[in-house]
Chemist: 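Mind having a look at this structure? Questions to follow.
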Amino acid sequence: MSNEAPTENRTEPQRKGTAGTDGGGGALPPAYDHRDVEARWYRTWKERGYFHADERDHARPPFSIVLPPPNVTGSLHLGHALTATLQDVLTRWKRMSGFEALWLPGTDHAGIATQMIVEKELLKTEKKSRHDLGRAEFLKRVWSWKEKYGSRIGEQHEALGASLDWERERFTMDEGLSRAVREVFVRLHEEGLVYRAERLINWCPRCHTALSDLEVTYEEGHRGELWSFAYPLAGAIDGGPREIVVATTRPETMLGDTAVAVHPDDERYRALVGKKVVHPLADRELPVIADAILVDPKFGTGAVKVTPAHDFNDFEVGKRHGLEMLTVIDPDGKMNASAGPVAGLDRFEARKKVKELLAAKGLDRGSQPHLLPLGKCQRCETVLEPLLSRQWFVRIEPLARPAVEAVEQGKTRFIPEQWTNTYMAWMRNIHDWCISRQLWWGHQIPAWYCPDGHVTVARTAPPTCGTCGKGDLRQDEDVLDTWFSSALWPFSTMGWPEDTETLRTFYPTSVMETGHDIIFFWVARMMMMGIHFMGEVPFRVVYLHPMVRDEKGQKMSKTKGNVIDPLVITEQYGADALRFTLAALTAQGRDIKLAKERIEGYRAFANKLWNATRFALMNLVDVTYGQEDPGALARSPADRWILARLQRAVRSTVEALEGYRFNDAASTVYQFVWHELCDWYIELSKEALYGDEPASKREAQAVLTHCLETSLRLLHPFMPFITEELWQTLQAQVGARWGESIMLAGYPKPGTPDEVAERSFGPVIGIVDALRNIRGEMNIPFKVVLRDVQVGGLSEEALATLRSETARVVRLANVEGFTLSGTPTRKVPGSAVAVGSGFEVRVPLTGVVDMAAENARIEKELARLDGDLAGLSKKLSNPSFVERAPKEVVEKDRARAEELREKRVRLLAHRDMLVEAASADGVASSSSAPSPPTATPTATEPPTSSAKGGQRGTSPRATDPATNVKVQAKPAAKRKQSRGAGRDPAKKKQSRSAGARPPPRGRQKITAQAANKATKTKPAKKAVARKSLTRIPPKRTSSRKSSPRKTALKKPAAKKRAPKGRSKG
RNA sequence: GGGCGGAUAGCUCAGCGGUAGAGCAUCGCCCUUACAAGGCGAGGGUCGCAGGUUCGAAACCUGCUCCGCCCACCA
C-alpha cells in the first residue's frame, strides 16, 4: 500500500502558522479548522494534475463517470452536492485502487431555463423582450450571461473537493458537442427516425413552445367542474329525442367540436348515429358518430363532444373518423377567429362566456364538481394547451427496443434494482419524442427550407435545396429539446463523432450516477442514443441516488425557498463534513432528509480524527517509521487487536463501496475510527507510549501510525481534505515516504482479520466495560483508584494486559486473578461485582460507597438476567423449537442459557456475601440505595423497586440450588403484566417497580424472583445490548453485512456478553 | 385508475427469519496530560393496524390505514 515518494522536493503547500505550544511535537492546533485546509489542497491537487485521466494509459484499468451536467446558469443545490459527493467517492476510491479514473465535468445549456432567466433579466434591466433585440443580439446576451455565470458551477464543485478532470470540461453548446448534435440529427433523419409532422402537441402559451410529454407536469386533484350542455338534434323526429347532452371540463373547446360520439352498442343513441346535431354558436352541423374506444357508455350521459384539435383523445378519434380538425385557440392561449362569438378572448374568459351564451339559449344542463388532473408547463406552471402544430419528432420505438434488450441482458444494471421496472415500463410504452422547441437558445435544427417549401437536412448549411436545387434557403428557426444534446453526453463529450482514444478507453462509462427523477428525461435517452450510435450501452451501472429534502421532508425548490446552498454549509462546517453526511445518509431506496445536527455530528468526527492525529504527532517525536510490517511487530494483545479490527473495517468498507452502500461504508469507517481506534486503542496505547520501555514504545508507535495512516486512506474518498492534510503531516513527522499525495496512495486492501486476536481481547474489553459501569452507576469518581480488584476467568496474558494497559483507562491497582470455577483467592466482603460470560470482577468498595447501592445494582442485574433466562427457558422447553429449529440455533441458545445460569449463580453468591458483610459490619445504608433493607440480614431482597414497597424476603441462601429451577418457574410472570405494573409517569420507574404483582405469599423465593423478573423484562436487554454495541468491538463494528467469519468470532468472548460484563452477562 | 417507496427510541435513520440498533437529543458523573466539536455511565421502543405462514416474524404472505413519489387521453 505504500507508495514511494518519487519527488523528494515536494511542493508541499504552506501550512498556516503552526502553534506548537503544546507539550509534544504536535504542530497542530487543538481544533480543526477546515478553512485553513480545503482551498489550499484543492489548488495543489489541481495544479499537480492529479485529476487528469490519461486515455493512453492502458496499464491501469479504466474507470469513468460523466458528471450529469448542471445548468450553466444555475447554482448548485444539495442534490448536486450529493451527486458530486457520491461520484467523487467512487472516483477517488477507484483512482486509489489502481484505476485510471476519469470523471468528466461539463455543463448544460438548458434551453428554456436559461432563456427564461436571461429574458427576465432583460425585461428587468432594459424593459425589453427578446423580440426587441432580435435573435442574433439576444443570443449574444445569453452567451455573455453564460460566460459570466457559467464558472460558478465549477467553483462550487471545487469547494466540494470534486476531483473532476477539468481539462476535459465540456458544454453542450460548444463547437464539438454541437457538431455531434447535428451529426446525430442528420443520421437519424437519413434513417427515417427523425421526421417532421403535424400533430397535436403540448403547447405552453406562455413559453410559446412545444413541449415533450415528459415536460408536462400533471397536477392532481385540481378542482374543476364537469359542465353539461345540450346539442340540439338537427331535424329532430317527432316523439324522438330532441337533443344530445354532453359534458365537458373545458366548455370553450366546444367551438372546435366537429362531432359528437356515442358508443356503438349504446341502445339509447343507436338510432342517432349518422344523424347531425346543430352547433348552437356556429353556423354548422356536427355528425353523431360511434366510437367504441373513446366512449364509455357508463360515464356521464354516454355521449362525448369531440374536439380533434384540442384534445389528445379526440385527435385520435378525428383521425379514425376523418373529422375536420378545427383549431380555435391560438398560441397565446386566446380564442382565434374561428371561435366566433368568443374570438379574441383569453381561453379562461371564453370558458365563462361560452357557458353564458349556451345558458342564454337554454342549453345549460347543469354541472357537478369534478376533480381532474391539470397538465402544466414544467418550467412556468402555466396550464398547457394541446395544439395542432408542425414539429420535429424522433421515431422512438426502433431506438427503445434495443435499449430495453440491453437491460434485459444485463448489459446495464440499475441500482437500486427496483428502478429497472420503472425504466422498462416507460420504455415499452413510449411515444414519439417531440424534439423541436420554439426557442432561440439551443441547437438550431439543421434543416433548411427553400422558397418552395422543400426541406433539406444537412450537417452544414446547404447552398441549394436538395430537392429542387433552388437557392435562397432559410434554416428552420426552431431549436432542439435540451435533452436531445444531453442524450449524447457520454460519447459527445469524449470526442464523437471522431473515433478518439478517449472514447476507446473510457466508453462505455463505468457508472451513471444521477437522480431517479431524470430516468426518462436522460438515462433512457442516453441508453437509446448510446446504443444506436456507439453500438454499446453508455454505462454498465446506473446508480440512482435518493432525493435530498429539507428536514421536514419537503422537496427543495426555489419557489418554496427552502433550498440550501451547499456553499453555505461548506463554509460553516467544511466540505468534508458535508460530504461525509451526505454519504452517510445515502441508503438505497429512501430519500434524504437533511438536518443540520447531522452535519454538526460529522464535523465533530472530523475534529476527532484531527485530534487523534494530533495525539499521535505528540507521541511520535524522534521517531522514524519506516516500512516495518506492524503486524509482525505487534506483540501486545491490544496492538494485535486493533490491527485485526482495522482489517475488518477495511474489508467492510470496501465491500460496502463495491455494493454502492455508501451509508454502510461511511458508518463503518466512522465506527472504527471513533469507537475503536480513538476510544479504545489510543487510550490503551498511552501506557506504552508514555512509558520508557523502548520495545513496547516502538511497537505502539508503529501500530498507531499504521492504523491512523490506513484510516486516513480509507476515509479519503469521503473526506478528501482533512485526510490529505493529516496524512501529509503525519508523513512528515515520522519521516516516512508514503508518497506525494494521499490521492495517489493505494486504497487499503482487505486482508484477513486476525480472529484470534479479536477474540482474545474480548474479555479485557468486557471487564473494562464492567468496571466502568460500576463506576458510573455507583458514582465513583475517576480520581478514585479501584484497589485490590479481583478478576476471574482471564488468561495470564489477558490479565497482564489488564494490569498494564488498562490501568489508566479505568484506574485500577493491585489486580489479582483467580480461577473462575474456584473460590476467590481472597474473599472480599463488601465489594462490587460484575459477572460476565467467562469472567468476573470484584471490586472492594467498603468505605468507598454505600453497599446498599451495590445491592440495588446487583438486584437490577439479577432481574435482567432472570428476564433473559426466562425467555430462553421457555423457548428451550418448547418441544417444537428443539425439534424443528436448526441444530446450531438450538445449541447456541442452550449454551447461552448455560452461561446465564452460571452467571446467575455467581451473582447470587455475591449477593450473599453482601448480606454477610452487611450483617457483620452493620453497615448503615443511607445514601443512594433506595432500599435500606440491604443492611438487614434478613431483608436482603430489596426488589429494586424499594420505594413502592415491593415484596421481599427471598432467602439468599436458598437461591443457589433453586436457581435453575426457579428460572423455569419464572415464565409464569408475564412480561406484559409486569410492564403494566408501573404506573409511574416516569418510565424507568415503571419498569422497575415490582409492586404491581401481588406477591404470592406462600413462597418467598419465588416471590422475590417474580419481582425481579417483573422488574426486569425489557429494560434488561436494552441496557446490555447498548453497551455491547459501542464497546464490543468484535461484534458491533462488523455488524452489517459482515462476512461469514464474523459469526465465528462472536461465540467466545465478544458478542453480547462481553459488553457489559455485568448487566446482561 | 395503475405502479413504486416509506411507516422501528423524542428527532433523523440502519436492521429485513433467530434474544430490538446507531447518530443526535435527554439524564447523571467527569476539564483523566489528543479532542468539552470531548470522556464515562444511564434512561428511553406494543418495530403503523389486523390476519396468516413458521418452532420462531420488525423481518416473509394477505388485507387495511396513513405519508411521499412516478405513470395514466375517462369526456
Side-chain angles (χ1 to χ4, degrees), chain A residues 22-24 26 28 30-32 218 226 246-250 261 294-296 299-300 303-306 311-316 372-373 386 418-419 421-422 425-426 429 516-517 519-520 547 551 553 555 584-585 587 589-591 593-595 597-598 600-608 610-619 663-664 667 670-671 678-679 682-683 686 690 772-773 775-777 779-783 808-809 811 868 871-872 875 878-886 889-890 892-893 896 976 979 986-988 1018-1019 1021-1023 1025-1027 1029-1030 1036 1039-1040 1056:
Chain A
D22 31 29
L28 301 178
Y32 173 54
Y218 286 97
L226 188 59
V246 296
T248 179
T249 53
R250 304 177 57 205
L294 176 75
V295 182
D296 171 2
F299 186 92
V304 185
K305 62 190 272 303
V306 181
D311 182 280
F312 289 97
N313 288 318
D314 295 359
F315 178 72
E316 295 302 321
L372 73 161
Q418 54 187 98
W419 294 112
N421 292 333
T422 304
W426 189 73
N429 190 26
H516 57 72
D517 53 336
I519 290 183
F520 306 144
M547 298 286 107
E551 62 264 70
K555 201 166 178 173
L585 291 174
R590 190 193 286 238
D591 288 348
K593 276 186 227 169
L594 191 65
E597 294 72 35
R598 202 73 190 239
E600 283 168 10
Y602 290 120
R603 177 187 56 175
F605 177 55
N607 193 54
K608 190 74 181 173
W610 177 265
N611 274 287
T613 306
R614 181 161 171 265
F615 167 80
L617 295 175
M618 293 163 78
N619 290 284
N663 58 331
D664 283 351
S667 63
Y670 178 93
Q671 176 70 25
C678 291
D679 285 354
I682 285 187
E683 292 309 319
K686 287 175 181 174
Y690 295 170
R772 280 175 172 166
N773 179 264
R775 269 187 190 282
E777 294 217 341
N779 282 332
I780 305 170
F782 191 76
K783 286 163 279 216
R808 129 183 352 255
V809 175
R811 290 235 175 151
D868 287 356
L872 265 181
K875 202 168 167 188
N878 176 352
S880 346
F881 171 69
V882 180
E883 285 163 25
R884 307 199 193 184
V889 175
V890 177
K892 207 176 111 195
D893 282 351
R896 211 175 92 76
K976 268 108 208 248
R979 173 165 312 155
K987 319 121 172 252
K988 55 170 49 184
K1018 42 194 58 172
K1021 27 187 83 174
K1022 202 138 290 190
R1026 131 159 337 137
K1027 232 60 164 283
L1029 277 199
T1030 14
R1036 197 321 148 296
S1039 65
R1040 254 152 257 229
K1056 320 260 148 132

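A note on names: the letters A, B, ... follow the listed sequences, proteins ahead of strands, and every chain is numbered from 1. Note that the structure is predicted; figures quoted are calculated from it, not measured.
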Chemist: Looking at N663(A) and L585(A), would you say the former's side chain and the latter's main chain have a donor-acceptor pair under 3.5 Å?
Modeler: no
Chemist: Both distances under 3.5 Å, Watson-Crick or G-U wobble: report the partner of C60(B), or none.
Modeler: G52(B)
Chemist: Does A37(B) pair with anything, Watson-Crick or G-U wobble, both distances under 3.5 Å, and if so, with which nucleotide?
Modeler: none
Chemist: Is any side-chain heavy atom of V304(A) closer than 4.5 Å to one of F299(A)?
Modeler: no
Chemist: According to the Watson-Crick and G-U wobble definitions, with both distances under 3.5 Å, which nucleotide is paired to G45(B)?
Modeler: none
Chemist: According to the Watson-Crick and G-U wobble definitions, with both distances under 3.5 Å, which nucleotide is paired to C16(B)?
Modeler: none
Chemist: Between T422(A) and A31(A), which residue's closest nucleotide on RNA chain B lies nearer the 5′ terminus?
Modeler: A31(A)
Chemist: Donor-acceptor pair, N607(A) side chain versus Y32(A) backbone, under 3.5 Å?
Modeler: yes
Chemist: Identify all pairs in which a protein N or O lies below 3.5 Å from an N or O of nucleotides 26-32 of chain B, and state each distance.
Modeler:
residue, atom, partner, partner atom, Å
C31(B), OP1, K783(A), NZ, 3.4

Chemist: Can you figure out which of A34(B), C40(B), A75(B) approaches the side chain of K608(A) most closely?
Modeler: A34(B)
Chemist: So what does I519(A) hit on the nucleic acid, given a heavy-atom distance under 4.0 Å: a base, only sugar-phosphate, or nothing?
Modeler: nothing
Chemist: N/O contacts under 3.5 Å, protein versus nucleotides 53-55 of chain B?
Modeler:
residue, atom, partner, partner atom, Å
C55(B), OP1, R884(A), NE, 3.3
C55(B), OP1, R884(A), NH1, 2.0
C55(B), OP2, R884(A), NH1, 3.2
C55(B), O4', S880(A), O, 3.4
C55(B), O2', N878(A), ND2, 3.3

Chemist: Does U65(B) have a Watson-Crick or wobble mate here (both distances under 3.5 Å), and if so which one?
Modeler: A7(B)
Chemist: Give the nucleotide from the list A75(B), A37(B), A34(B) with an atom nearest to the side chain of D296(A).
Modeler: A75(B)
Chemist: Would you classify Y602(A) as touching base, sugar-phosphate or nothing, given that sugar-phosphate means primed atoms plus P, OP1 and OP2, and contacts are heavy atoms under 4.0 Å?
Modeler: nothing
Chemist: Consider the side chain of Q418(A), meaning its heavy atoms from C-beta on, and name the nucleotide among A37(B), C4(B), C35(B) that approaches it most closely.
Modeler: C4(B)
Chemist: Which part of the nucleic acid, if any, lies within reach of E683(A) when heavy atoms closer than 4.0 Å are counted: base, sugar-phosphate only, or nothing?
Modeler: base
Chemist: Both Y690(A) and Y218(A) contact RNA chain B. Which one's nearest nucleotide lies toward the 5' end?
Modeler: Y690(A)
Chemist: Does any N or O in the side chain of D311(A) come within less than 3.5 Å of the main-chain N or O of D314(A), such that one atom is a donor and the other an acceptor?
Modeler: yes
Chemist: The side chain of F520(A) lies closest to which of these nucleotides: C71(B), U12(B), C35(B)?
Modeler: C71(B)
Chemist: Considering Watson-Crick and G-U wobble pairs with both distances under 3.5 Å, what does U32(B) pair with?
Modeler: none
Chemist: Please measure how far the C1' atom in G68(B) lies from the corresponding atom in G48(B), and state the result in whole Å.
Modeler: 15 Å
Chemist: What's L226(A) touching, base or sugar-phosphate or nothing? Going by heavy atoms closer than 4.0 Å.
Modeler: nothing
Chemist: Quick one: label F315(A) by what it contacts on the DNA or RNA (base, sugar-phosphate, nothing), any heavy atom closer than 4.0 Å.
Modeler: nothing
Chemist: Counting side-chain heavy atoms from CB outward, which of A75(B), C35(B), A72(B) is closest to R614(A)?
Modeler: C35(B)
Chemist: From the options C74(B), G39(B), A34(B), select the nucleotide whose nearest atom is closest to the side chain of A612(A).
Modeler: A34(B)
Chemist: Would you tabulate the pairs of protein nitrogen or oxygen atoms and nucleotide nitrogen or oxygen atoms of nucleotides 57-62 of chain B closer than 3.5 angstrom?
Modeler:
none

Chemist: What distance, rounded to whole Å, do you find between the two P atoms, one in U62(B) and one in G21(B)?
Modeler: 29 Å
Chemist: Among A14(B), A34(B), A75(B), find the nucleotide with the atom closest to the side chain of F615(A).
Modeler: A34(B)
Chemist: Using the C1' atoms only, state how far C29(B) lies from G17(B), rounded to an integer number of Å.
Modeler: 41 Å
Chemist: Look at the side chain of D679(A) and decide which nucleotide, out of G38(B), C40(B), C35(B), has an atom nearest to it.
Modeler: C40(B)
Chemist: Would you indicate which nucleotide in A34(B), A75(B), A14(B) comes nearest to any side-chain atom of C678(A)?
Modeler: A34(B)
